[in-house]
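Reading through the structure tokens given below for one structure.
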Amino acid sequence: MSTVAPTEPLDAALRATLGRLARVPQLLVAVDYDGTLAPIVDDPAAARPLPEAVTALRALAELPQTKVAVVSGRSLRDLAALSRLPSEIHLVGSHGSEFDVGFVQQLSAEARQLRTTLQQQVERIAAGQPGVRLEAKPASVAVHTRTAGDEVAAGVNAAVRSGPAMLPGVHVTEGKKVIELSVVHTDKGTALDTLRSRLGASAVLFVGDDVTDENGFARLRGPDVGVKVGFGDTRATHRVADPVEVAKLLALVLDIRRRWLYGERAVPIERHSMLAGGDNLALVTPDARITWLCHPRPDSAAIFADLLGGSPAGYFGVAPQRGGLPLGQKYLGGSMTVQTRWSGLTVTDWLDPTGPANRTTLVRQLTGTVTVRVQFAPRPEFGQVAVRLQPLGDGLVMLGSNEPAVLYSPGVDWDIVQEGEHDTAHALIDLRAAGGSAVLELRCGTDNLDPAPRPVEQRADEAATQWRGWLDGLRLPGVSTELVARSALTLRALTYRPTGAILAAGTCSLPEDLGGVRNWDYRYCWLRDAALAARALVDLGSVDEAEGLLAWTAGVIERTGGHPERLHPLYTVEGQTLGPEAVIDTLPGYAGSRPVRVGNAANKQLQLDVFGPIADLVDAVAQRRGAVSDFDREVLDAMVDAVARRWFEPDHGIWEQRQPPRHHVYSKVMCWQTVDRALNVVARHGLPERPDWVELRAAIAENVLEYGWNEQVGAYTTAYDGTDLDAASLWVGLSGLLADDDPRFLATVLAIEAELRSGPVVYRYRSDDGMPGTEGGFHVCTAWLIESYLRTGRRADAEELYGQFVACCGPTGLLPEQYDPLAERGLGNHPQAYSHLGLIRCALLLDSRR
Ligand SMILES: O=P(O)(O)OC[C@H]1O[C@H](O[C@H]2O[C@H](CO)[C@@H](O)[C@H](O)[C@H]2O)[C@H](O)[C@@H](O)[C@@H]1O
């Protein structure tokens, strides 16, 4: 039976404070014992903690990034015996002096002698005094008068105060019907400081009821929270009535922290749709909540990072006041505009592609007849700067960030609610009273709250028309026409138009292993991924992206100062070297997948495959144009130069494993492809012959074909030094190095199918990559196996796997990086260029080989 009686809920201010505290990266929950965990009773030996408090403490101690301590006036032995708390909970006895069982041995001989004297003197004082109890501790003795009459208590206390308490070296602590005489200085504040630094806490919750707990409250600072139990003066900023309320408080902290750590609302990754405006992007959930938006660039800090941190990390929600799930969500045909519908409400979202540079404009058009609840919680810099929202004119001004931002919202009455250091704006919009529509326009990069120059309907048309006009210029296959169109739009949307860079994906740190640590930042331009993405668009008839990317690539080549072999695998969208990889420990991660990383240490790796896709792209663009430009030739020369200088070295490979370099088969094949495509250009466009290139190509081919083959496995393996398999080795055939009917390619396809395919997915590899946890099947690897099936005459197998592959798309046609075939959900960053270019390549091949 519960001993916690149903009482009033904790007061709102305390709940709000605990809500913030429970979301710090490293939390220390420290509580006093008697009067806090255990109700005060007459007999000190009978003081037991409330079971609900114990349950909450134990559960808190099991959470990651959470430490629990009980800091008591009791001896450590007594505390352990009475509380029966498990070892995960740190126990500190003797008012903060006794951290471990050897404490008594650490006392000096004089201190031990003084302790004995004290014991003898208080025994004499207490002798024959009814109701007086003595409690012996390693460095002190406590004289309890709770069960003594008032007269007896007064006499005993006076005798103690004027007698042993006056001895030199004695420290006196008076508590609840107790005087304690100690031979060491005791201070719960010092104990808290020690725990804080030993356990690496970023904030402390300290709860206590007694006079000695005030030393603890006195040491709290910054985000720490102190809670006093019961009456009496205190330095604590909050108060609860009794241990029953303490148990409730602990349960509340547990609940909030658990939800924060494990993801408050982990919407399946593939169910997010992407908005894009040509120089930025955002993610919207199936219920029209904006959960991801960075500004000013897609690789900047987020304003809304709900995706990685739940509501406290920032979001922009719009939904009918009455609640309920939407009827559906879709892209408006051929555009990057997303429409979410409920009965009586349609929300149309887009990022304005017509604005000036460094401006992000998110337009949310609401139409219908119902009352709409709006919640606007911007949290710039991943929530690390305090935000104030100020109603002004036709909207709200966001204060606190060094980037100006406003929410233009004519006719909307905002209610600003302060949540700690941040404001959230709430509003109810009665659409019927507003004439059937309302507009919310988030303008980042400006403080202009003037009305937009053109009506919203016209702007909506303009935005959609830009994307549709581009899509109309493509030659789409008859296979999966709609999905290919969406994939093409996604690749175009991942293109950062100001520079021509193409992002590998729209997000950072979406997990490859739910709850795991494989969380990386993909908001950069990888030479390899970008070239493959641009190539897929060239195959669909659009060369603009390829030309933009090649111009961006020429920039990064130029900055190598004549050393293209020193190219990094990835750069920022501006073509600059990345800053250091970092962890944002204030974000708990998608579904609790921590750490949340920004930046990507892979940029320091050697990946010798990156030249191959670029050379292939130059070849494809030149072929499409029917001519090769001087500019293309320069890029091509640089790629071959890089290969000539380094192809024989071991490297980190396409999968960027944080392991020592190896001679990767895929990297060598891509080196071969670089020279092969360069020679294609030479031959096709009548350029001067390059016998040195012919020789180089032959040397690489001979090397990889001999050393990459593993007789024991009967296939091309990951690298020259092992028997492990890698789906990327399929490129020994996909690149054209081996003919489609070469038995070595056929054998490699069979080996990879057997070892790496699992139902609808193909894993990159199964070998140990040095990281904890596992990962899902990799969509682009699935696409490579489909291509391999087609090339090797297995059309039925290709069609079957292709059907399974496209079934992994989210409801609006988007794909993240990976798929977990057991949990049947997407994994990894989203949407991912690799996955969409893979889909396009497969659909084109299936179409052309009909
Ligand atoms: O720091 P704490 O964990 O709160 O310990 C303070 C003292 O608590 C105990 O005494 C008090 O609780 C007893 C049981 O409810 C009660 O009978 C007594 O009157 C209170 O003073 C404990 O016995 C002491 O050793 C602690 O110093």
Side-chain angles (χ1 to χ4, degrees), residues 3 29-50 53-54 57 68-85 89-99 103 115 118-119 122 126 129 131-150 152-154 156-157 160 165 171-192 195 206-219 226-232 234 236 240 242-244 246:
T3 48
V29 175
V31 286
D32 163 59
Y33 186 75
D34 290 283
T36 300
L37 288 181
I40 294 290
V41 291
D42 287 347
D43 178 4
R48 298 281 175 203
L50 292 182
V54 172
L57 282 186
V68 177
V70 178
V71 186
S72 169
R74 288 178 180 269
S75 72
L76 190 54
R77 219 170 98 177
D78 196 11
L79 178 64
L82 275 179
S83 69
R84 296 196 193 140
L85 288 166
I89 295 177
H90 302 263
L91 300 183
V92 184
S94 299
H95 296 290
S97 304
E98 203 181 353
F99 272 76
F103 174 65
R115 161 75 187 69
L118 285 176
Q119 180 75 33
V122 297
Q129 301 295 336
V132 174
R133 299 171 197 244
L134 300 183
E135 184 185 353
K137 307 188 194 184
S140 63
V141 55
V143 184
H144 288 275
T145 52
R146 181 166 297 277
T147 49
D150 289 348
V152 171
V156 166
N157 286 343
V160 170
H171 303 265
V172 184
T173 309
E174 300 215 12
K176 292 185 168 172
K177 310 265 186 198
V178 65
I179 299 180
E180 184 158 339
L181 307 177
S182 172
V183 298
V184 293
H185 172 71
T186 59
D187 184 342
K188 287 193 179 182
T190 311
L192 278 188
L195 286 167
F206 181 57
V207 191
D209 71 311
D210 211 341
V211 186
T212 59
D213 299 316
E214 292 303 317
N215 288 332
F217 295 135
R219 289 303 167 88
V227 181
K228 161 87 175 171
V229 185
F231 301 107
T234 183
V240 293
D242 51 29
V244 172
V246 173

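One-based numbering, in listed order, for ligands and for the atoms of each.
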Handout entry: Close N or O approach (Asp43, ligand 1; < 3.5 Å)
Key = no
Practice task
Could you tell me whether some N/O pair between Asp210 and ligand 1 is separated by less than 3.5 angstrom?
Solution key: no
Exercise for the section: Measure from the side-chain N and O atoms of Tyr33 to the backbone N and O of Ala47, and report whether any donor-acceptor pair falls under 3.5 Å. Expected result: yes
Completion exercise
Per side-chain contact (heavy atoms from CB on, under 4.5 Å), Asp209 is matched among Val240, Thr234, Thr36 by Thr36
Practice task
Using the side-chain contact (heavy atoms from CB on, under 4.5 Å) rule, pick out the option among Val31, Asp213, Val227 that qualifies with Phe206.
Solution key: Asp213
Handout entry: Salt bridge flag under 4.0 Å for residues Asp78 and Lys137
Key = no
Fill in the blank from the handout: Of Arg133, Glu135, Lys188, the residue with the heavy atom nearest atom 23 (O) of ligand 1 is Glu135
Handout entry: Ion pair Asp32/Lys188, N-O distance below 4.0 Å
Key = yes
Completion exercise
Numbered in order shown, the ligand 1 atoms found under 4.0 Å of a heavy atom of Val41 are 13 (C), 14 (C), 15 (O), 16 (C), 17 (O)
Problem - From Ser94 atom OG to Arg74 atom CZ, the distance as rounded to the nearest 0.5 Å - result: 11.5 Å
Handout entry: Under 3.5 Å: donor-acceptor pair, side chain of Asp43, backbone of Ala45
Key = yes
Fill in the blank from the handout: Honestly, for Pro44 the part within reach of ligand 1 (heavy atoms, under 4.0 Å) is both
Handout entry: Those atoms of ligand 1 less than 4.0 Å from some heavy atom in Ile40
Key = 12 (O), 15 (O)
Completion exercise
Closest to atom 27 (O) of ligand 1 by heavy-atom distance, out of Lys137, Arg74, Lys176, is Lys137
Handout entry: Arg77 side chain to Pro138 backbone, donor-acceptor under 3.5 Å
Key = no
Exercise for the section: Have a look at Thr145, Asp34, Leu79, Thr212 and point out the one with the heavy atom closest to atom 7 (C) of ligand 1. Expected result: Asp34
Problem - side-chain contact (heavy atoms from CB on, under 4.5 Å), paired with Leu50, selected from Asp242, Val246, Leu37, Val244 - result: Val244
Handout entry: Numbering as shown, the atoms of ligand 1 that approach His95 to under 4.0 Å (heavy-atom distance)
Key = 27 (O)
Practice task
Run the numbers for me: atoms of ligand 1, each under 4.0 Å from some heavy atom of Arg146, listed by number.
Solution key: 16 (C), 17 (O), 18 (C), 19 (O)
Handout entry: Nitrogen or oxygen of Val178 less than 3.5 angstrom from that of ligand 1
Key = no
Practice task
Report yes if Asp213 has an N/O atom closer than 3.5 Å to an N/O atom of ligand 1; otherwise report no.
Solution key: no
Completion exercise
ligand 1 atoms nearer than 4.0 angstrom to some heavy atom of Asp42 are 17 (O)
Exercise for the section: Can you measure from CG (Leu57) to CD1 (Ile89) and round to the nearest 0.5 angstrom? Expected result: 5.0 Å
Exercise for the section: State which residue, out of Glu135, Arg133, Lys177, fulfils the side-chain hydrogen bond (donor to acceptor under 3.5 Å, both in side chains) condition with His144. Expected result: Glu135
Practice task
Would you mind checking which non-hydrogen protein atom is closest to atom 3 (O) of ligand 1, with the distance to 0.1 Å?
Solution key: Ser72 OG, 2.7 Å
Problem - Tyr33 neighbourhood, listing ligand 1 atoms whose heavy-atom distance to it stays under 4.0 Å - result: 3 (O)
Handout entry: Nearest-contact summary for atom 10 (O) of ligand 1 - protein heavy atom, Å
Key = His144 CE1, 3.4 Å
Completion exercise
For Asp32, the atoms of ligand 1 under 4.0 Å from one of its heavy atoms are 1 (O), 2 (P), 3 (O), 4 (O)
Exercise for the section: Any atoms of ligand 1 less than 4.0 Å from a non-hydrogen atom of Glu180? List them with their elements. Expected result: 27 (O)
